[in-house]
Structure formats: structure tokens, C-alpha cells
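Below, read A as the first sequence line, B as the second, and so on, with proteins coming before strands; counting in each chain starts at 1.
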Amino acid sequence: MLAIEIKEPVHPGDRGTGNSMTPRDEGKVCFFFQMLQGMNKGVFRDGIIILLAQLLLMAGLVLAGKEVILDPLLQIVLLFYASYTGWAIFEKERQEGAVEYMLSLPVSRTRLFFVKFMPRAIMILIVLAFYLLLRHLFDFPFVLETLSFSLTYVVFFFVSLAFSLSIKSFITAFLLTALLSLGQGFFIKMLDRTLPDSEALLRANLTILVFPLLFFVLFQGYDIKPLSYFNRKYAPPALFLSILIALFAFFTTGETWNNHILNKSGSTIRFKCKKSEILQQQEKEIKRFKYKGCVFPLYEVEEKNFLYAVKREPGRNGCPLIALIIIDLKSGKEKRLFDIPEGWDLVGLFPGKVGKLIDGTYYLVLQSRERQLQMIMAVTGKKVKQIPISGNLSNQYIVEFFHAARSSRQFFILTKDSMVYRVDGSGAAEELFYVEALAPWKDKLLVFDRSGMTLYKISGEAGLTPVYRQEGRIKKILRHWGTHETRLVIFKNGKEFFMLDLEKEEEPININLTFPPFYYLALGEKYILLHRQPQEIIISEIQKGKVIEKKRWQPRVEFEYEQIYVSPYGIMVYNEKEYEVYPFNK
Amino acid sequence: MIKITNLSINYRKKKAVDNLSLTIKKGESVLLAGPNGSGKTTLLRAAAGVLNCRLGDISIDERKVGYRTRKKTAYIPASISFYDSLKIKEAIKLQAAFYPNFSYKGIADYHFNNSQKIGTLSKGEKTLFFLSLALSTKPEYLLIDDVIHFLDPHLREIFLMSILQLIEDERMTVVIAAQSSFDIEGILERVVVLDKGKVFVDETVDNLKQKFVKIYSEALPEHLPVVFFRDWQGMKEMFLYPYTPELKIKEKVEYLTLTEILRAFIGGGYVSH
């Protein structure tokens, strides 16, 4: 009979010929001992190679005087390394056919995962620390700032790890990780251009950490069945999560708007080419009405709570005008009143301040540059009447249209060449005069010319009767986003500032103003002036010819110099994402 | 004790194990036989905890198969799954890191070079080394999937002797999946033949040898339990199971070796397919 020889135990450290080793004490086996064994062979070697590669790259590029490309190159190399280290967590088992052995080990899947994971995580952090140290010591120009890069690097490791079983090709796993991390960062940035790069990347990176979590959960049930079985469990939730992440990014990233308007009633309209919104503060809630296309507000009829607007929709040539609509501000419902023919454009530059309501009829002017035609549109209820403008202004481009007669339907037109025309109810136009600036109000017309200013009174169907004339180098102070039509006029004569209330039959009053305001208006008996400074608006009042500062408003919302809109309701500052309102009756 | 209750394991639509129930007592040595695809490997994998079972139950010493039962189990897959890039000494260290009772004992006087990589070993050497590693964990349950034939007859005999010793000394339970009982019959107590994922035969070796017979006849008798037949020189060679003397067969009854019995069962399995 053959004998079974069981050799005497020999310690593995003994470099003799024996293969035996000393029996170890029974009991639990140390996690770190497991971690440092052959199944993680290569992890530390790869880490050391990448550390040396960093040094060599740095030395090479610094010596060649190409520090500028050093950081992007290092960052790409490190992202590859992080991604590979994560993705290759079970690659050794896959390549060497040791998956079955690994799964038969007497440890839970959680412990097995961490036995494989920890050395990689440690090495990843050592390599990152080394890179950050190099960056700190040599201060070379960098692409992604420290925090953004560190986070992206760690996320590349984790997310690639989440694809370690599902995706057999490293390049695919790397590209997918890059798409989820950097790609999503770009997507968020595209949705919100005001967002800093680091924040967009932070958001993208944090959301995709659900993939390693999902992987960890499913790894608990990982077995020797073909990979397709694991993928059948992994792919649907992973796909679902990807869609969810994209939707989350889409809906949570603040939408950007081209413009914001504050209505007379306090509601806000914001719009861009593809969509628009009306927001109404109702007690503590904000009611929101959404519209397709760009709703460009024309004129709010405050007492009836509706708004005339024109609708633009994206087309081949930008956002052409589509239709004149009316919006019920209570329900948000819109009604189409008139389809605007192709090639016609609207007269009026200032959103919310276009056209005029006279005796229940809303008037506005359309013009066709190509055909050199203009027409007045009179909207009464749902009825729209077109009145072609005739006369000698066919080759003129109208910049503003206003009504300035209390009792009659006399319209005035200001052209690009600064000529004023009078148009009667039938559409017949008559050239009046050249102006430097003008200020119509009800039955008065204040005209600024090169030698001074004249106040006209509009009487009946007849012409203009001059009632006041002042000579000098007089300049009207223009209002930011303001129409010509105004009750209060502030002008500069030489170095002095004056105000004139066109409602009253009074002479101009000298005011102690140092700088011209960016906006002024009369609110009842109050004369309000607004001055702007970076991130601050100064609200003043004119009382008995004296300008008295009332309030300095520092909005929370960051705004640019041009991002201010004033209506009789208050002041609004805004940026592409948000807005803030200061009501005058505060 | 390994207790399998109503176990079903599917690969897509194919049932690898179909509502199978089986109990293997502590200290038993069992041969799992059956044609290719009968579910032998799947059953061993399930017992080793490398394959999850969702339908039915499989437990070892009244504990559901998991990492705790794996501590008592040594599983040797047919393909000898191991890290080829490791050296012998690294492989020993790795095994020692996961099994608290591990104490490496080489089988016979076969010497491995500590610095040799696993991948450079021959198939037989690799099998021997892996079997040595498995036995060094002092398993209570040894699950071997059709690898013994990789060993040369000398090493195979030594290995089987060492198993026999462990069965006697430690009451180790041995389950071997194989197509044939050639050379291992000496250690077997029981034979379980699987077919299409179900237990077709479950007998002790002695009983099976008594109940399985061969006869030659010109025609196929209808009342006899024929599991497999084939034409042989103008006669029909028939394998009967279960055979009892009460069947009163007029033809000459021939008793068979275990290897012949298994071959007949496997052949019968293919015919039934």
C-alpha cells in the first residue's frame, strides 16, 4: 500500500525546499492580511508605475519648457489610471479564470468586495496625493481646480468600478464614465451657462455615484452564472438611473431666460425663443403659467387683468413673429387674435410698453421693411382692424408709435431718422418736424431740438399749439428701457438739471441732481428717481426741487448693468436665471 | 449533512436542476453521475455557494449555503479555477489568508518549486496542487468536479488514499461529480445518477450492483424495466433497473461493474434525450 506522506509544517518565510507552512491560530482572519495577498497583486505595482510616470512626465515637460500642457496631460493620464484601477477590480480573476475560486472563498460578498477594493482605493488616493503635492510644489498652470479634479478623479474610479463586471472593454467603460461625469457636466453647463464649471462638474459627479452603489448592492448576488445574467439585473436599473440622472439634471438645473419684464400689476414675464412664463405672486405661492414660444409682452390692461402680447416661435430665420395674442392674467389662458403675416414686424422697442389703449381699443403698428409698408392695427375685443398708413413715410423705419391726444385719435410716429409724423384715424400720415428727443403725455408734446425745447398742446383735429419755449443746450435725460411717453421729464440745461411735470401747467423746476438717473417716473404725486451702482440701486424722491435719497436697495440676485426693468409696480433686477422685485409701495 | 430541497436552477429557459431533492449525510462519499448537461456541476456549484439558488433550498449542517458554510467546504471546479500568475508560495499564503484552519500539507512526496508560477504547472500538477490546497483547509465537505482524471494513475491512487483516510479519521463528506467511477469506486458508498436535472437513481453502490443487470434477448420484453438497450450481434443487449429476482427472467442475468452500470445509465440518458 502506498503511504501518504504529510510533511512537517514549515514557515513560508523559510526559503527551503518545503512547501508547507506553520498552522495558524484558529479564529478570524485579518482583513488586511487578506487584502495584501496575491489576488491584489499588481495593484501596488501599477500605482508605483503611475507615480514614476508622473515624475517623468513632469521632468520632461518642465525641461522642455512646456509646463502649459503638463497639467492637462497629467490629468488625462490620472483619469485613465483611476478609471482603469476601478474597472480592473476583477480583471485578474477574469483573465486568469479565477472567478470561481474567488467566489468559493469563505467570505461574504461584502468582505470580498472590500478585500479587492481597499488596496485600489488606497493606491488611488496615494497617487492623487502625490499629484496634488507636485502641483503645490511646482505651481504649474492647471486646467481643473484642485477640488474639481480630485472629485472627478475619485468618481472615475468609482464609476468605472461599477462597470467592472458589465463591460469587458476598458475603453468602453472609460468613455461611458467620461460621458456620465464630464459629459453630464457639459450638459448641465449647457442648460445653465451661469453655473461655474466646478459646480456643474460637482453636480454631475455626485449624481453618478449611484452607479457604484447599485453595483455594490447587485454584487451581493453575484455568482458564477454567465455575465449576461448579471447584466440583465444591472443594465435595466443602470439605464433607468442614467435617464433619471439626465432628467434630474434637466429639471433641477436652473433654466435660463433671455429677458424679464415686470408688469404694472406685479406679475413677471420671462421669455426666451422657445418658451415663456408668467409668474404671479399669490399670497405665499408663486403661480406659474407656461407658454410655448416667446411671448413678448406688449401692453397690460391692468384694470381688466389681461395682457396683449405677440408670440414668436423658433423658425428657420430665428424667432419670427407668429401672432398677436391676448392673455388672461387670472387664468393664464391665451387667445390668438391675429396671425401676423410673414415679413411684418412690430413697432416698439420696449417690452411691456408697446401700443396704446384708447376707449377700449388697443392700437399698435406693424411695418414691413421689405415692402416698405406700415399699418395700424386696432384691436377691439376679438375684432382686429387693419388701417394701412398712407403718406410720405413709406421709406421710413418707425422706431416708436404713441398716442398723444386726449380727445382725438391722433397718433404720432417717430422714425429712425428722428422725424415725427402725425397719423390720423384713417391712417394718413403727415410729416411734422425733426427732433433730438421728445416726450408726449396725453394732450401735450414736449419736443427737444438743437436749440432748445418746445412744449406743444395738441388741440382737436388741428395741429400743435406751442405753449412754452426754452432756448439753450437742452438735453432730455433718457430712461433705461423707458418709452418716450412720460409724465415726468428730466432734462439738463447746461450743467443744471430740471424737471417738468407734463400733467401740470408749471414751468420747469431746477433740481439738485449731480448725476443723471437711469430711470425716473411720476407715481401719483411722487417723483421717483433711480440711480444704479454695482449691485445696488438708489431710490430717491424729488421733493420741492430737492432730490432726497430714500433707500438703498441691495438685491440678493446678481445683475448686470443692463439687467434692470422698471414698471409702475416697482423695480426688477434679474439675470439669466432669477429675478428680484422691489415694489414701490413697500 | 447536505440537504437539498426542491432545488431548481435555470439557465435562461433550460432547467439545469429541476425540483431536485437530495440528502447527503455527514461522512458519506457520493458519486454524482450522469450525462453531460444533467446538472452535476450546477449542483456542486450550488453546494459550494458559487451559484445562487432562488428556487428551493440548499443547506449544509442546517445552515443555508453562504460564506459560513463555505468555511467547511472545499470545492474543486472542473476547470481548476485559480490565479495562474501567482507563485506556489503566494498561492499558499492566499489560501492561508482565507481559511483559519489552513495548514499546508503536500500530498505524497511531490515537491513543488515555491517560486514556480501556477500557470507554468502541467494540468496534472496543477490539479494535484489545488487538491493539496483544498485538503489543507481541513474541509468537512469536499466537492470535486471531475478533475481526478487529470492525475496520473499513481498520484490518483495516492490522492484517493488520502481522501479515504480523511473520511475515516475526520468523517469528511466527499461528493465527486464524474462520468465514470473508474479508479474511484473504492471510496464510494453511494451513487446518484442525474438526468435532465433530476435524480434518476439514488442507491448505495452495493444495492445498485444488485439491482442493475444485463440480459440478452431477441425481442424487447414489455414488462421489464429496461433503461437502455442496444443491438449486439443480432441480439438485443438490455440493461434492467431495478432488477429483482421476482421478475423471473428466463434469460441469463449478468451483473455488472459500477463503471459499466454508469456507462449504461449515461447511454440510456442519451437515448431518452
Counting only heavy atoms closer than 4.5 Å, note whether B:I76 contacts chain A via side chain, backbone, both or neither.
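Neither part; nothing is under 4.5 Å.
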
Against chain A, label B:R68 side chain, backbone, both or neither, depending on which of its atoms sit under 4.5 Å from a heavy atom there.
neither

Check whether B:D61 reaches the backbone of B:M1 with its side chain - one donor and one acceptor, N or O, closer than 3.5 Å.
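Yes; at least one donor-acceptor contact below 3.5 Å.
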
Identify which part of A:K225 has an atom lying under 4.5 Å from any heavy atom of chain B, answering side chain, backbone, both or neither.
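Interface part for A:K225: both.
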
Between A:V115 and chain B, with a heavy-atom cut-off of 4.5 Å, which part of the residue counts as in contact: side chain, backbone, both or neither?
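The side chain, not the backbone.
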
Specify which of [options] makes the most heavy-atom pairs with chain A at under 4.5 Å.
| options | answer |
| --- | --- |
| B:S85, B:A48, B:S136 | B:S85 |
| B:L86, B:D84, B:T137, B:N52 | B:N52 |
| B:Y11, B:Y75, B:Y83 | B:Y83 |

For B:K15, the option from B:L20, B:I9, B:N10 that meets side chain to side chain contact (heavy atoms under 4.5 Å, CB included):
B:N10

Please determine whether the number of non-hydrogen atoms from other residues, nucleotides or ligands lying under 6.0 Å from atom CZ of B:R12 exceeds 12.
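Atom CZ in B:R12 is crowded, with more than 12 foreign heavy atoms closer than 6.0 Å.
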
Heavy-atom count check: over 12 atoms from other residues, nucleotides or ligands less than 6.0 Å from B:K3 NZ?
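No.
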
I'd like to know if B:R171 and B:E140 make a salt bridge, using a cut-off of under 4.0 Å between side-chain N and carboxylate O.
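No, this pair does not count.
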
Walk me through it: do B:E90 and B:K117 pass the test salt bridge (charged side-chain N to carboxylate O under 4.0 Å, His left out)?
CA-CA 9 Å; B:E90 288 169 334; B:K117 285 194 171 175; over 6 Å; no

